[in-house]
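Here the structure comes first, spelled out in structure tokens, and everything after it is commentary.
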Amino acid sequence: MTDVVDSDELLRRIQRARACALQEERAWHTRSEELTATDPQGARDATVRRMSYEAVLTVLDEILTPGRHTARG
């Protein structure tokens, strides 16, 4: 069975997903900075995760506010 979701609920879900992605991006940024001196490989891994969440944020921002991010050339 498929649930039908109205546009307001879809918008709320996207906004929650964006908030979660922003929180994770910040957490991985902090983790990367903490590991830089003691665990370079761990810091690189944390940076990759942070960049992944940045990409998710860019996509969700474009859904929520079309044109917010300009095309990169």
Side-chain angles (χ1 to χ4, degrees):
M1 178 172 208
T2 304
D3 291 332
V4 176
V5 178
D6 68 16
S7 61
D8 289 336
E9 177 61 19
L10 182 58
L11 180 60
R12 282 189 293 274
R13 290 179 185 189
I14 294 170
Q15 289 169 333
R16 281 193 307 265
R18 187 193 180 286
C20 179
L22 182 59
Q23 182 179 356
E24 288 294 322
E25 186 272 336
R26 288 176 177 166
W28 285 109
H29 178 78
T30 300
R31 182 83 172 134
S32 175
E33 288 180 342
E34 291 171 350
L35 292 173
T36 297
T38 60
D39 183 2
Q41 182 60 45
R44 280 190 293 277
D45 292 344
T47 297
V48 168
R49 289 176 187 257
R50 177 189 55 82
M51 293 171 68
S52 297
Y53 280 105
E54 282 181 353
V56 169
L57 283 168
T58 300
V59 170
L60 293 175
D61 282 345
E62 184 62 28
I63 292 169
L64 293 169
T65 311
R68 181 175 180 178
H69 293 277
T70 58
R72 297 178 190 195

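As the structure is a prediction and not an experimental result, all values here were calculated from the model.
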Does Gln23, at its CD atom, have more than 12 non-hydrogen atoms belonging to other residues, nucleotides or ligands within less than 6.0 Å? no
My understanding is that a hydrophobic cluster links ILVMFWY residues whose side chain heavy atoms are under 4.5 Å apart, including indirect links. Using that, what else belongs to the cluster containing Trp28? Tyr53
Val56 versus Ala21, closest heavy-atom pair with distance: CG1-CB, 3.9 Å
Hits for side chain to side chain contact (heavy atoms under 4.5 Å, CB included) against Glu34, two or more places apart or cross-chain, chain-then-number order -> Thr30, Arg31
Please enumerate all residues that pass side chain to side chain contact (heavy atoms under 4.5 Å, CB included) together with Leu22, with sequence neighbours excluded. Arg18, Glu25, Arg26, Leu57
Taking only residues two or more places apart in sequence or in another chain, which ones pass side chain to side chain contact (heavy atoms under 4.5 Å, CB included) with Leu10? Val5, Ile14
So the salt bridge (charged side-chain N to carboxylate O under 4.0 Å, His left out) pairs with at least one residue in residues 41-56 (sequence neighbours excluded) are Arg50-Glu54
Quick check: is Leu35 connected to Met51 through a chain of hydrophobic side chains (ILVMFWY, heavy atoms under 4.5 Å apart)? no
Heavy-atom nearest pair, Ser32 first then Thr47, reads OG-OG1, 2.8 Å
Any residue meeting salt bridge (charged side-chain N to carboxylate O under 4.0 Å, His left out) with Glu9, in chain and number order, not counting sequence neighbours: Arg12, Arg13, Arg16
